[in-house]
Amino acid sequence: MPLPPDLPVIDHHCHLSPSGEGVRAAARFRAAGGTHLFLATQNYDPHPPRTLEDYRRQFETTERLAQRVRAETGVIAYVVIAPYPVDLVDGVAALGRQRALELHQEALDLAGAWVREKRAVALGEVGWPHFPVPEEVSEAAVEVFRHALAVARESDCPAVVHSADLDAEGYRRLAAEADQARLPRHRVVKHYARSRFDPAAMSGIVPSYVARRELVREVTADPGPWFLETDFLDDPRRPGAVLDLATVPRRALAIAEATGGSERLWVPFVESVERVYGWRPAPDPARGP
Ligand SMILES: [Zn+2]
């Protein structure tokens with residue numbers, strides 16, 4: 001059954017690269033029925049940024065990609081920016097702990113300024129490396145993450161968290177960090193959530209679920225807020241490393257078929273955006289009401 005024209009179809013976390021498939025991937029998303037992307041920044045150069053200027057250029061590349069996606073495919077792309085927590089591994093080795101820490105804080109301040117100027121909608125990815133790292137890196141990551149939550153509060157926006165998989169205790173700790181920073185828990189999104197938890201076990205943190213078929217089936221009835229994402233990497237060297245960008249629209253159709261209507265889809269695509277971001281997805285001029 002076709003989806004209603006006023007229902008946005010949103011991938012809540014993906015990456016595009018000027019040296020990858022780029023805008024053509026967004027065109028495939030569009031052709032599959034997608035309408036909105038949350039486009040997270042990433043390193044576009046061979047090594048991570050080592051100056052604030054490097055980060056500014058990286059964010060500008062993301063912004064330009066979002067503008068091209070909009071102009072060339074009609075898909076509305078929201079920009080999500082922050083220094084990637086894993087960059088700290090290179091940063092600490094190349095610049096030393098103190099300078100790496102400052103650089104990440106400055107880049108977060110820049111990202112916060114972009115949010116306040118409405119050039120970006122959230123800070124992401126923020127968090128800590130998902131693999132074991134030297135202690136000075138993990139300590140720096142914790143400090144940087146606290147700064148990220150403070151900037152999110154000041155900038156009145158969500159923080160999109162990159163981390164290893166979390167269990168109930170991990171979610172509890174994340175919620176405690178949010179409380180400490182006085183950032184409402186529902187403004188903290190765990191991106192790349194790979195398994196469903198009882199909503200009560202997530203301590204108010206919002207999951208952005210990887211849109212794998214079985215997981216989508218499990219979460220469809222959950223009250224929300226929750227999102228669906230592919231974490232599409234657009235890296236020609238790692239084809240199939242994550243889900244393809246056309247996945248979320250395909251799952252949306254499958255949910256509509258399985259549940260006999262599109263009612264459940266308003267949860268990830270409209271209500272959750274409203275709850276977490278504080279605004280409704282912009283109507284799609286080509287399909288909208
Ligand atoms: Zn990502």
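These figures come from a predicted structure and were not determined experimentally. Scope of the values below: all heavy atoms of this structure, side chains included, with no hydrogens, waters or symmetry mates.
Among all heavy-atom pairs drawn from Ala40 and His15, the shortest one is O-ND1, 3.1 Å.
A donor-acceptor contact under 3.5 angstrom links the side chains of Arg116 and Ser155, judged on distance only. Side-chain contact annotation: His191 with Ser208, donor-acceptor N/O pair under 3.5 Å absent. Under 3.5 Å, the side chains of His47 and Asp90 contain no donor-acceptor pair of N or O atoms.
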request  = Could you go through the side-chain hydrogen bond (donor to acceptor under 3.5 Å, both in side chains) check for His162 and Glu125 one step at a time?
outcome  = CA-CA 5 Å; His162 171 104; Glu125 301 164 37; 2.9 Å; yes
Residue pair Thr230, Asp11: steps toward the side-chain hydrogen bond (donor to acceptor under 3.5 Å, both in side chains) verdict = CA-CA 7 Å; Thr230 56; Asp11 188 327; 2.6 Å; yes
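Looking at residues two or more places apart in sequence or on another chain, you find a side chain to side chain contact (heavy atoms under 4.5 Å, CB included) between Ala107 and Leu52, Tyr55, Pro83. Asp167 is linked by a salt bridge (Lys or Arg N to Asp or Glu O under 4.0 Å) to nothing, counting only residues two or more places apart in sequence or in another chain. Residues meeting the side chain to side chain contact (heavy atoms under 4.5 Å, CB included) test with Gln98, sequence neighbours left out: Leu101, Glu102. Applying the ring pair (Phe, Tyr, Trp, His ring centres under 6.0 Å) criterion to His147, with sequence neighbours excluded, gives no partner residue. Partners of Tyr44 according to the ring pair (Phe, Tyr, Trp, His ring centres under 6.0 Å) rule, which considers only residues two or more places apart in sequence or in another chain, do not exist here. By the side chain to side chain contact (heavy atoms under 4.5 Å, CB included) test, Ala252 is found to be paired with Leu3, Val9, Leu265, Phe269, residues two or more places apart in sequence or in another chain being considered.
Side-chain atoms of Arg187 come within 3.5 Å of backbone N or O of Asp156 as a donor-acceptor pair. Between the side chain of Thr73 and the main chain of Val75, a donor-acceptor pair closer than 3.5 Å is present. Using a distance-only test at 3.5 Å, with no hydrogens or angles considered, a donor-acceptor pair links the side chain of Thr220 to the main chain of Val216. Panel note: side chain Glu271, backbone Pro225; no donor-acceptor pair is recorded below 3.5 Å. In terms of modelled atom types and a separation under 3.5 Å, the side chain of Asp234 and the main chain of Glu21 share a donor-acceptor contact. His13 places no side-chain N or O within donor-acceptor distance of the main-chain N or O of Val210, the cut-off being under 3.5 Å.
Taking CD1 from Ile76 and CZ from Phe38, the interatomic distance works out to 10.5 Å, rounded to the nearest 0.5 Å. We find the CG-CZ distance between Leu166 and Arg194 to be 11.0 Å, quoted to the nearest 0.5 Å. Summarising the geometry, atom CG belonging to Leu103 is positioned 5.0 Å from atom CZ belonging to Arg99; distances are rounded to the nearest 0.5 Å. Atom CG of residue Leu233 and atom OG of residue Ser17 lie 10.5 Å apart, to the nearest 0.5 angstrom. Considering NE2 of His186 and CE of Met202, their distance stands at 15.0 Å, rounded to 0.5 Å.
The residues Arg119 and Glu117 are annotated as salt-bridged, a charged nitrogen and a carboxylate oxygen being separated by less than 4.0 angstrom. Using a cutoff of 4.0 Å between basic side-chain nitrogens and carboxylate oxygens, Arg57 and Glu60 are not scored as salt-bridged. A salt bridge is defined here as a Lys NZ or Arg NE, NH1 or NH2 lying under 4.0 Å from an Asp or Glu carboxylate O, and Glu53 with Arg56 meets this definition.
Residues Gln58 and Asn43 meet the side-chain proximity criterion, which asks for heavy atoms closer than 4.5 Å. Taking the side chain as every heavy atom from C-beta outward, Arg217 and Arg213 approach each other to under 4.5 Å.
Heavy-atom contacts from other residues, nucleotides or ligands closer than 6.0 Å to CD of Glu274 number more than 12. By the 6.0 Å contact criterion, CD on Glu263 is open, its count of non-hydrogen atoms from other residues, nucleotides or ligands being 12 or less.
Checked against the 6.0 Å centroid threshold, Phe197 and Trp226 do not count as a close aromatic pair.
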